[in-house]
Amino acid sequence: MNLLQLQENLREAVIATARSEFNVELETVASEVPPKIELGDAAFPVAFELAKRIKQQSGEKSNPRQIAERLKSAIEKIEAVERVEVAGAGYLNVFFNRAAFLIESANAAPLPKLNASDDESSPKVCVEHTSVNPNKAAHIGHVRNAVLGDTFIRILRASGKRVEVQYYIDNTGVQVADVVIGFVYLENMSLADIKELNEKLIRENKTFDFYCWDLYARVGQAYQTDENLKAKRGEVLHLIEEGNNPTAELADYVVTRNVECIVATMERFGISYDLLPRESEILHLHFWTRAFEEMQRRDVIKLETSGKNAGCWVMPIDSHSGNDEHEADKILVRSNGTVTYTGKDTAYQMWKLGLLGLDFYYNLFHTYGDGKKIWITTADAIQQDAGVPKFGNNETVYNVIDSRQSYPQEVVKKGVATIFPEKGEAASVHLSYEMVALSPSAAQELGFEISEEDKQKSFIEMSGRKGLGVKADDLLNRLEANALAEVEKRHADLSDEEKRKTAHIIAVGALRYFLLKFTRNTVIIFDFKEALSFEGETGVFCQYSAVRANSIFRKLNEPDSAFKIQDLGLEKIAEIFNAEDGNDIWSMAILAARLEETIVQAANANEPAILAKYTFNLAKAFNLFYHNHKIIHEENEAKRQVLIAVADLTRRNLTAALDCLGIEVPERM
RNA sequence: GCUCCCGUAGCUCAGUUGGAUAGAGCGUUCGCCUCCUAAGCGAAAGGCCGCGCGUUCGAAUCGCGCCGGGAGCACCA
């Protein structure tokens, strides 16, 4: 019986006893982790609630402590429970059988099951993340999005779900038109010139997306003075949307190169995708037309015949009230007949949920080192590649998008739910998060001129248009260089290859943890010192703790690894836990065993930070444990074996927790 | 004007089903490498949990009202 099952049994026992003893029907029972190990392993403040309910039902006043006493005897019957105490005003504190629990945990399958089922009949969910416009390099804000999404995927998989990962490519938007304008009108380049430029950049060890980053910023500046250039925008945009012309071909090359760069950047962070759906196919395969028909059929969209929205198709949103300045209704089709972003997104969402009745065609885009494939959509049925997995048809769709897009996301969710009431709003989840902004000093550190007004602000928003931001690859390079210097200092004997690999693992660990330790709705004000830190509450701290644990096992003698903790016997183990420092050892074991419930909690709350915090606390507890107990050199043989078993449980679960956060553990560091 | 988010230690943040003495990291001060990796460990100092009222046996957490900060409410994406 694992910890989750045990806790469930305890809850059921409480509910059953409340029913039989007090005739009260409890729907849920709150359980908590006691603040101190001396107060037990699980606590139920349920007696207070029961006292209230009894008073409501019979008018009799009852004492919570007495209620708790009666619950106590029922819970004590559960096998894994050692004893139960009534404490304080009426807390029910449960103490587990430590020796039995340790044996059980030592033999348990590695938790969590990090490889989700590939059984095609099991329900699948979709996580869409990254959303970098394919016209420039990714910055740290995009990495927050992707790391959040990727970690959430790992959490879902750990809790047994099948997950499809998508990165939506907005290849027909104005951002793409802007950078195309840069190439064509600022640089006077043809497609052949751009291809040549790409070759040159590769030779110089530079990247195409970084080049576009600067070019895009230059276009933004040029627009401010050059009205003619700005006028070209609509024209170029139209050509790109239409397709089958030289401008569209040039745009496609630029987009594809940028996507390749962005996918490569994300791969450095341990992030991979299954499918890249493109907006051009949403248009060319008439996804919108189909969605529009459904909307008209179900009467969720109406044509405005008068007022300022005359000629537009709009969706009424009743949760928002309008006024003179702002309409409450959301426009999905403009008066000139073109579809807004929200309209296209609604059609795409319908496809993701298997509600559209249309499908894309697919081409192979890229194969990762481990053989995993990324697919990209195409409008051309004839050119479709063989061996395409089944995409779409997801039970639930998670969209990782920043909180500024809450309103359009709400429109998409409500729209889909109105057309398909049987699916409901719960099928569309907006995994929203706050942006990564720059502190004024960080912006200055990047070499930007800061206006007096901005200096007064607590943070400055990053802007691709202005070229203001910390590029993902730049930051990772800097972290790797810092980590490499530390590795050189500590482990000069390692080969250059091993040093570089270690530095990379450390750098990724530092950055992923930095982005995950904040809860989703906290604005991260980027600070170089904090992001580059390898000490304190960092991913590196967690990795270090795991490396230390592993080094114990590397140094253990052969007989130790063959030893099974159950050979020691329950009594001997219990003796160790009952000794003076027994609580200390036990608290390490029980904390490590809480990984599975933490993953469930993080999955239910859609909050990876819960797992990040737990992982840090586990690492911290292990560092203390490591400091207080000499494991290899312990003279009491029984205690030594218990310490080994607890350390082994901890390192296994610490490694699994880190894996779930997308953080690897190096051999040495 | 309307909607949403935030306000907790000097700084940056956890504290999400209401529970026991409100936590962590950084920074400051002071200790700990003859011993499984000091990217570590320990100790000290540091709090009207924005303010007020309410609900409750019990409120940082729930409700209402203020104050302060942010985002959104485009025929942009």
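Everything numeric in this text was worked out from a predicted model, so none of it was measured.
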Quiz item: When the P atoms of rA60(B) and rG52(B) are considered, how many whole Å apart are they?
Solution: 13 Å
Practice problem: Compare the minimum distances between each of rC75(B), rC35(B), rU21(B) and the side chain of Lys36(A), then state the nucleotide with the smallest one. | Solution: rU21(B)
Practice problem: Could you check if a side-chain atom of Asp345(A) sits within less than 4.5 angstrom of a side-chain atom of Gln409(A), using non-hydrogen atoms only? | Solution: yes
Quiz prompt | Touch class at under 4.0 angstrom, heavy-atom based, for Gln601(A) against every strand present | solution = nothing
Quiz item: Quick one: does Asn309(A)'s side chain have a donor or acceptor within less than 3.5 Å of a partner on Cys312(A)'s backbone?
Solution: no
Self-check item: rA45(B) and rC26(B), which share atom name C1', separated by this distance in whole Å
Solution: 15 Å
Exercise. Would you classify Lys555(A) as touching base, sugar-phosphate or nothing, given that sugar-phosphate means primed atoms plus P, OP1 and OP2, and contacts are heavy atoms under 4.0 Å?
Key: sugar-phosphate
Quiz item: According to a strict under-4.0 Å criterion, is Tyr341(A) in side-chain N/O contact with OP1 or OP2 of rA77(B)?
Solution: no
Quiz item: rC75(B) base to Ser335(A) side chain: any donor-acceptor pair below 3.5 Å?
Solution: yes
Practice problem: Answer yes or no: does a side-chain N or O of Thr522(A) lie under 4.0 Å from OP1 or OP2 of rA14(B)? | Solution: yes
Quiz item: So what does Val333(A) hit on the nucleic acid, given a heavy-atom distance under 4.0 Å: a base, only sugar-phosphate, or nothing?
Solution: nothing
Exercise. Using a 4.0 Å heavy-atom cut-off across all strands, classify Phe48(A) as base, sugar-phosphate, or nothing.
Key: base
Quiz item: Base, sugar-phosphate alone, or nothing: which one does Arg554(A) contact when heavy atoms must sit under 4.0 Å apart?
Solution: nothing
Quiz prompt | Pairwise side-chain contact, Thr522(A) with Glu434(A), heavy-atom cut-off 4.5 Å (strictly under) | solution = no
Quiz item: Would you say the side chain of Met315(A) lies within less than 4.5 Å of the side chain of Val411(A), judging by non-hydrogen atoms?
Solution: yes
Quiz item: NA contact type, Pro408(A), heavy-atom cut-off 4.0 Å: base, sugar-phosphate, or nothing?
Solution: base
Practice problem: Under a 3.5 Å limit for both distances, which nucleotide forms a Watson-Crick or G-U wobble pair with rG72(B), could you say? | Solution: rC2(B)
Quiz item: Counting side-chain heavy atoms from CB outward, which of rC35(B), rC75(B), rA39(B) is closest to Val540(A)?
Solution: rA39(B)
Quiz item: Between atom CG of Leu50(A) and atom CD of Gln66(A), what is the distance when rounded to the nearest 0.5 Å?
Solution: 13.5 Å
Quiz item: With a non-hydrogen cut-off below 4.0 angstrom, is Ala531(A) in contact with a base, only sugar-phosphate, or nothing?
Solution: nothing
Exercise. Name the closest nucleotide to the Tyr407(A) side chain, picking from rU16(B), rG72(B), rA24(B).
Key: rG72(B)
Quiz item: Which part of the nucleic acid, if any, lies within contact of Leu624(A), taking any heavy atom under 4.0 Å across all strands shown: a base, the sugar-phosphate backbone alone, or nothing?
Solution: sugar-phosphate
Quiz item: Hey, are the side chains of Lys639(A) and Val642(A) touching, using non-hydrogen atoms and a 4.5 Å cut-off?
Solution: no
Quiz item: Looking only at side-chain N and O atoms, does Asn521(A) come under 4.0 Å of OP1 or OP2 in rC6(B)?
Solution: yes
Quiz item: Which of the following nucleotides, rA77(B), rA24(B), rU37(B), is nearest to the side chain of Asp170(A)?
Solution: rA77(B)
Quiz item: Paired with rG23(B) by Watson-Crick or G-U wobble geometry, both distances under 3.5 Å: which nucleotide is it?
Solution: rC13(B)
Quiz item: Do the side-chain N or O atoms of Asn623(A) get closer than 4.0 angstrom to the phosphate oxygens (OP1, OP2) of rG40(B)?
Solution: no
Quiz item: Does a side-chain N or O from Arg334(A) land closer than 4.0 Å to OP1 or OP2 of rC76(B), or not?
Solution: yes
Quiz item: Think Arg548(A) has a side-chain N or O under 4.0 angstrom from the OP1 or OP2 of rG40(B)?
Solution: no
Practice problem: Choose from rC35(B), rA38(B), rA14(B) the nucleotide whose nearest atom is closest to any side-chain atom of Lys613(A). | Solution: rA14(B)
Quiz item: Is there aromatic stacking of Tyr91(A) against rA20(B), centre distance under 5.5 Å, plane angle under 30°?
Solution: yes
Quiz item: Any side-chain N or O of Arg404(A) under 4.0 Å from OP1/OP2 of rA74(B)?
Solution: no
Quiz item: How is Asn93(A) classified with respect to the nucleic acid when contacts are heavy atoms under 4.0 Å: base, sugar-phosphate, or nothing?
Solution: base
Exercise. Write down the partner of rU34(B) under the Watson-Crick or G-U wobble criteria, each distance required to be under 3.5 Å.
Key: none
